[in-house]
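Residues: numbered from 1 along the sequence shown.
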Amino acid sequence: MTTTSIGPSFVVYIDESGDEGFSFHKGSSEWFILSAVITPKERDIETVKLVDTVRMQLGRPDKKPLHFRKLRHEHRVPYVSQIAKANLRCISVLVHKPSINAPETFQKRYRLYFYFTRYLLERVSWICRDQRKHNVGDGTAEIVFSNRSGMSYDELKDYFSRLKSWTGIYAVQIDWSVINEDKIMAYTAGSRMGLQIADAVASSFYYAVEPSQYGYMEEKYAQLLKPVVYHRRGRYLGYGLKFWPWNEDEVVKHFEWVQKHYK
């Protein structure tokens, strides 16, 4: 007699935009963005089809990864439009580094990345918890990070093991019935095509908040993504969009696109 193992219910792709530096006068970005794209495991093949569709639409070579920053604006718009129609959800944590009161805390190795991955996976766990009754699998999520050169993913797993032990003691809000540190892995964008979608989402919100060299921001991509941004009862801020350390009033004051589309 054979037995069939039950796998994860969801696949979560995670990528970033911006950098972790604090030398703003030497070119460090003001914003650091971490984004997750969540798709049901049984429909994960649709992420491959989405990327292939965009490649064909843009006349790009087969199997060559799409890098959002390397695309022209007129190519980014149809790419994001395809994402906005897909069966997925996205979450972004947007960190304004100049507003951090104790930046030295986040200048230790991996500290900023690890800390805000926690905020990201809190929200990932909430949406998966709320949706798992509609999906096959064991209710957990397979977490796929875009591979960062030089970073130890064993250290990241250890960090989440510590977070699990702190739950109930500190304000850790991850639902551990969804997130299992043993299901954390890292791939290149060419190996897991869903990472290319996560790159597009992170870059879209980066362009919406990070001033260009001429002082302008591009909000169109962020507007287009609204149909797939996670919300709870129509509330986006704090759920699909988590700004830190800014409060809601500061966000709305600085970004008209948030007031218009995500308030």
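No side-chain donor-acceptor contact under 3.5 Å links Arg192 and Ser146. Counted by atom type alone, Tyr13 and Asp44 present one or more donor-acceptor pairs between their side chains at under 3.5 Å.
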Could you please spell out the steps behind the salt bridge (charged side-chain N to carboxylate O under 4.0 Å, His left out) verdict for Arg43 and Glu46? CA-CA 6 Å; Arg43 303 183 72 169; Glu46 294 181 11; 2.9 Å; yes

Test side-chain hydrogen bond (donor to acceptor under 3.5 Å, both in side chains) on Ser29 and Asp19 and set out the steps. CA-CA 6 Å; Ser29 63; Asp19 61 72; 3.3 Å; yes

With salt bridge (charged side-chain N to carboxylate O under 4.0 Å, His left out) as the test, would you mind laying out the steps for Asp138 and Lys183 before giving the verdict? CA-CA 13 Å; Asp138 62 8; Lys183 294 180 180 178; 3.2 Å; yes

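Taking Lys41 as the reference, Glu142 meet the side chain to side chain donor-acceptor pair (under 3.5 Å) condition, with sequence neighbours excluded. With sequence neighbours excluded, no residue satisfies salt bridge (Lys or Arg N to Asp or Glu O under 4.0 Å) with Arg111. Judged as a side chain to side chain donor-acceptor pair (under 3.5 Å), and not counting sequence neighbours, the contacts of Arg132 are Ser177. By the salt bridge (Lys or Arg N to Asp or Glu O under 4.0 Å) test, Arg233 pairs with no residue at all, sequence neighbours left out. Residues meeting the side chain to side chain donor-acceptor pair (under 3.5 Å) test with Tyr236, sequence neighbours left out: none. Applying the salt bridge (Lys or Arg N to Asp or Glu O under 4.0 Å) criterion to Lys164, with sequence neighbours excluded, gives Glu181. Under the salt bridge (Lys or Arg N to Asp or Glu O under 4.0 Å) criterion, Lys85 pairs with no residue, sequence neighbours left out. Residues passing the side chain to side chain donor-acceptor pair (under 3.5 Å) test with Glu210, sequence neighbours excluded: none.
Judged as a salt bridge (charged side-chain N to carboxylate O under 4.0 Å, His left out), not a single pair has a partner in residues 216-229 (not counting sequence neighbours). Applying the ring-ring contact (aromatic ring centres under 6.0 Å, His included) rule to pairs touching residues 170-203 yields Trp166-Tyr170, sequence neighbours excluded.
Taking the six-membered ring for Trp and thresholds of 30 and 60 degrees, Trp244 and Tyr119 have ring planes inclined between 30 and 60 degrees apart. Note: Tyr221 and His73 have tilted aromatic rings, judged against thresholds of 30 and 60 degrees for the angle between ring planes. A tilted orientation is assigned to the rings of Phe243 and Trp257, their planes being inclined by 30° to 60°. Using cut-offs of 30° and 60° for the angle between ring planes, the Phe145 and Tyr153 rings count as tilted.
A donor-acceptor pair under 3.5 Å links the side-chain atoms of Ser125 to the main chain of Glu122, judged by distance alone. Checked by atom type and distance alone, the side chain of Ser92 never pairs as donor or acceptor with a backbone atom of Leu241 at under 3.5 Å. Between the Ser152 side chain and the Glu155 main chain, a donor and an acceptor come within less than 3.5 Å of each other. A donor-acceptor pair under 3.5 Å links the side-chain atoms of Arg123 to the main chain of Gly238, judged by distance alone.
Both tests hold for Arg148 against Tyr113: distance to the six-membered ring centre under 6.0 Å, angle to the ring axis within 45°. The cationic group of Arg55 does not satisfy the cation-pi geometry with Tyr79, failing either the under 6.0 Å distance to the six-membered ring centre or the 45° limit from the ring axis. A cation-pi geometry, defined here as NZ or CZ lying under 6.0 Å from the six-membered ring centre and within 45° of its normal, holds between Arg76 and Phe68.
Atom CD of Glu250 is surrounded by more than 12 heavy atoms from other residues, nucleotides or ligands within 6.0 Å.
Annotation: the span from Ile179 atom CD1 to Cys128 atom SG amounts to 6.5 Å, rounded to 0.5 Å. Separation of atoms CG (Leu34) and CG (Leu94) is listed at 9.5 Å; rounding is to 0.5 Å. A distance of 14.0 Å separates CG in Asp199 from CD1 in Ile14, rounded to the nearest 0.5 Å. A distance of 8.5 Å separates NE2 of His231 from CD1 of Ile127, quoted to the nearest 0.5 Å. With values rounded to the nearest 0.5 angstrom, Tyr115 atom OH is found 10.0 Å from Leu163 atom CG.
Shown are Tyr206, Phe24, Phe116, Trp31; of these, the ring-ring contact (aromatic ring centres under 6.0 Å, His included) with His96 is made only by Trp31.
Cluster note: Tyr214 groups with Tyr216 through ILVMFWY side-chain heavy atoms spaced under 4.5 Å, whether in direct contact or through intervening members.
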Pairs of donor and acceptor atoms involving the side chains of residues 60-67, under 3.5 Å and at least two apart or interchain, shall be tabulated with distances.
| from | atom 1 | to | atom 2 | distance (Å) |
| --- | --- | --- | --- | --- |
| Arg60 | NH2 | His75 | ND1 | 3.4 |

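Not less than 6.0 angstrom separates the ring centroid of Phe22 from the ring centroid of Phe32.
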